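Throughout, protein chains are lettered first and strands after them, A, B, ... in sequence-line order, and every chain is numbered starting at 1. Predicted, not measured: the structure shown is a model, and the values here were computed from it.
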Protein chains: 2
Amino acid sequence: MTDPLSRTLSALADPTRRAILARLVTGEATVNELAEPFDISLPAISRHLKVLETAGLISRGRKAQWRPCRLEPGQLKAVDGWLERYRRFWEDSFDRMDLYLASLQKGSIDGEPN
Amino acid sequence: MTDPLSRTLSALADPTRRAILARLVTGEATVNELAEPFDISLPAISRHLKVLETAGLISRGRKAQWRPCRLEPGQLKAVDGWLERYRRFWEDSFDRMDLYLASLQKGSIDGEPN
DNA sequence: CCGTTAATTAACATATCAGCTAAGTAATAA
DNA sequence: TTATTACTTAGCTGATATGTTAATTAACGG
């Protein structure tokens, strides 16, 4: 599993790690802050953070004895890019865009099915 | 790992399984057809298909002795939906926190859609 | 220097995963 | 009925993942 996309998806497959990412959306956090909501040990959290960092989903700084973690969106963007080729399977993108543009020209978008 | 999103992301973390999905974009295929490009045994492919089916990423029919597989986009859409809350982090590098806070009014705190 | 706080590393148990070969099942064809 | 084709299941192996507790490193503060 050497490729970055596999590593990223594997990292995202764990609900604890996804919850950590969700927390980091609100801004930087230290390891103890990130561990607080969970019932697992601090070393376990530390390992989860290592997985996220190796996957490129977070980066870590150093402030005194704290190691603030921050979200790195690059790999999430890569997942989005991978999804792109499948998007047409759940979106009728062309038809919907045609309808959207047509409705724009008529000056109303109220009737969009959505 | 009982939740559907974790199961889906775990299934997608394997490059062989992603390659199988990519093949299915071109239409239905039998197990032997799907196995053909790979150097691994047919039972290994069969297990990969089982993982994809359990994750809801494919479905399988029955035509005589063949088991045609087809892509099921629902779980890919779920991944796209999960990504949605992070999209602003790479689409909008300015004021991303403001945008997050604006969207927070309607979302859950731990970020898991279900 | 010593103690406290923050976090990581070490050592270990257990579970799941991905691969194999061999055997089994299901439907078709002779 | 028997053979063939298509695929799955069983049983095994080695690698990897997740968790634990105990020990260790790093920085700060008296």
Side-chain angles (χ1 to χ4, degrees), chain A residues 1-21 23-24 27-71 75, chain B residues 1-24 27-71 75 112:
Chain A
M1 214 231 317
T2 50
D3 65 292
L5 186 55
S6 296
R7 197 153 36 221
T8 296
L9 290 165
S10 181
L12 294 177
D14 185 282
T16 300
R17 288 194 287 262
R18 289 201 306 282
I20 287 172
L21 291 185
R23 162 64 183 80
L24 290 177
E28 286 192 0
T30 67
V31 178
N32 274 290
E33 285 168 352
L34 292 171
E36 194 273 326
F38 303 103
D39 271 346
I40 62 181
S41 65
L42 200 62
I45 295 293
S46 189
R47 287 176 71 89
H48 279 305
L49 293 174
K50 182 97 170 175
V51 171
L52 289 169
E53 186 181 29
T54 301
L57 287 161
I58 67 170
S59 62
R60 285 191 274 186
R62 162 76 81 176
K63 277 178 187 170
Q65 66 265 57
W66 294 276
R67 309 293 312 270
C69 300
R70 106 175 63 79
L71 187 60
Q75 287 307 117
Chain B
M1 214 235 312
T2 50
D3 66 292
L5 186 54
S6 295
R7 198 155 32 224
T8 296
L9 290 166
S10 182
L12 295 177
D14 186 281
T16 300
R17 288 193 287 261
R18 290 201 306 281
I20 287 172
L21 291 185
R23 162 65 184 82
L24 290 177
E28 285 191 2
T30 68
V31 178
N32 274 291
E33 286 169 351
L34 291 171
E36 194 273 328
F38 302 103
D39 273 346
I40 63 180
S41 66
L42 200 62
I45 296 292
S46 188
R47 287 178 72 88
H48 280 306
L49 293 174
K50 181 97 171 176
V51 171
L52 289 169
E53 187 181 28
T54 301
L57 287 161
I58 66 170
S59 62
R60 286 191 272 186
R62 163 76 79 176
K63 278 179 187 169
Q65 67 265 57
W66 294 274
R67 309 295 312 272
C69 301
R70 94 177 134 275
L71 188 60
Q75 287 307 117
E112 288 297 322

Counting distance only, does the side-chain N/O of B/Arg67 pair as donor-acceptor with the main-chain N or O of B/Gly61 below 3.5 Å?
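Answer holds: yes.
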Given 3.5 Å as the limit, does a donor-acceptor pair link the side chain of A/Arg17 with the main chain of A/Ala11, or not?
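Side chain of A/Arg17 to backbone of A/Ala11, a donor-acceptor pair under 3.5 Å: yes, one is there.
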Under 4.0 angstrom between [X] side-chain N/O and [N] OP1 or OP2:
{"X": "B/Arg62", "N": "D/dA6", "value": "no"}
{"X": "B/His48", "N": "C/dG19", "value": "yes"}
{"X": "A/Asn32", "N": "C/dT5", "value": "no"}
{"X": "A/Ser41", "N": "D/dG19", "value": "no"}
{"X": "A/Arg47", "N": "D/dT20", "value": "no"}
{"X": "A/Arg67", "N": "D/dT25", "value": "no"}

Rounded to whole Å, how long is the line connecting atom [atom1] of [X] with atom [atom2] of [N]?
{"X": "B/Leu42", "N": "C/dG24", "atom1": "CG", "atom2": "P", "result": "18 Å"}
{"X": "B/Trp66", "N": "D/dT4", "atom1": "CH2", "atom2": "P", "result": "16 Å"}
{"X": "A/Gln65", "N": "D/dA27", "atom1": "CD", "atom2": "C1'", "result": "5 Å"}
{"X": "B/Ile45", "N": "C/dC20", "atom1": "CD1", "atom2": "P", "result": "9 Å"}
{"X": "A/Arg60", "N": "C/dA6", "atom1": "CZ", "atom2": "C1'", "result": "12 Å"}
{"X": "A/Lys50", "N": "D/dT25", "atom1": "NZ", "atom2": "C1'", "result": "14 Å"}
{"X": "A/Asp39", "N": "D/dT20", "atom1": "CG", "atom2": "C1'", "result": "14 Å"}
{"X": "A/Phe38", "N": "D/dT20", "atom1": "CZ", "atom2": "P", "result": "13 Å"}

Identify, between B/Val51 and A/Pro43, the residue whose nearest nucleotide on DNA chain C lies closer to the 5' end.
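With B/Val51 and A/Pro43 compared, the 5'-side residue is A/Pro43.
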Closest listed nucleotide, where the reference is the side chain of [X] and the choices are [options]:
{"X": "A/Thr30", "options": "D/dT9, C/dA7, D/dC7", "answer": "C/dA7"}
{"X": "B/Ile40", "options": "D/dT8, C/dC20, C/dA18", "answer": "C/dC20"}
{"X": "B/Ala64", "options": "D/dA27, C/dA27, D/dT20", "answer": "C/dA27"}
{"X": "B/Ala44", "options": "D/dT5, C/dC20, D/dC28", "answer": "C/dC20"}
{"X": "B/Val31", "options": "D/dT18, C/dA18, D/dT8", "answer": "D/dT8"}

Using a 4.5 Å cut-off on heavy atoms from C-beta on, say whether the side chain of [Y] contacts that of [X].
{"X": "A/Ser6", "Y": "B/Arg18", "answer": "yes"}
{"X": "B/Arg47", "Y": "B/Ile40", "answer": "no"}
{"X": "B/Lys50", "Y": "B/Arg60", "answer": "yes"}

Between A/Arg17 and B/Ser46, which is nearer to the 5' end of DNA chain D once each is assigned its nearest nucleotide?
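Nearest-nucleotide comparison on DNA chain D picks B/Ser46.
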Criterion side-chain contact (heavy atoms from CB on, under 4.5 Å) against B/Leu34, the qualifying member of B/Thr16, B/Ile58, B/Leu21, B/Leu24:
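That would be B/Leu24.
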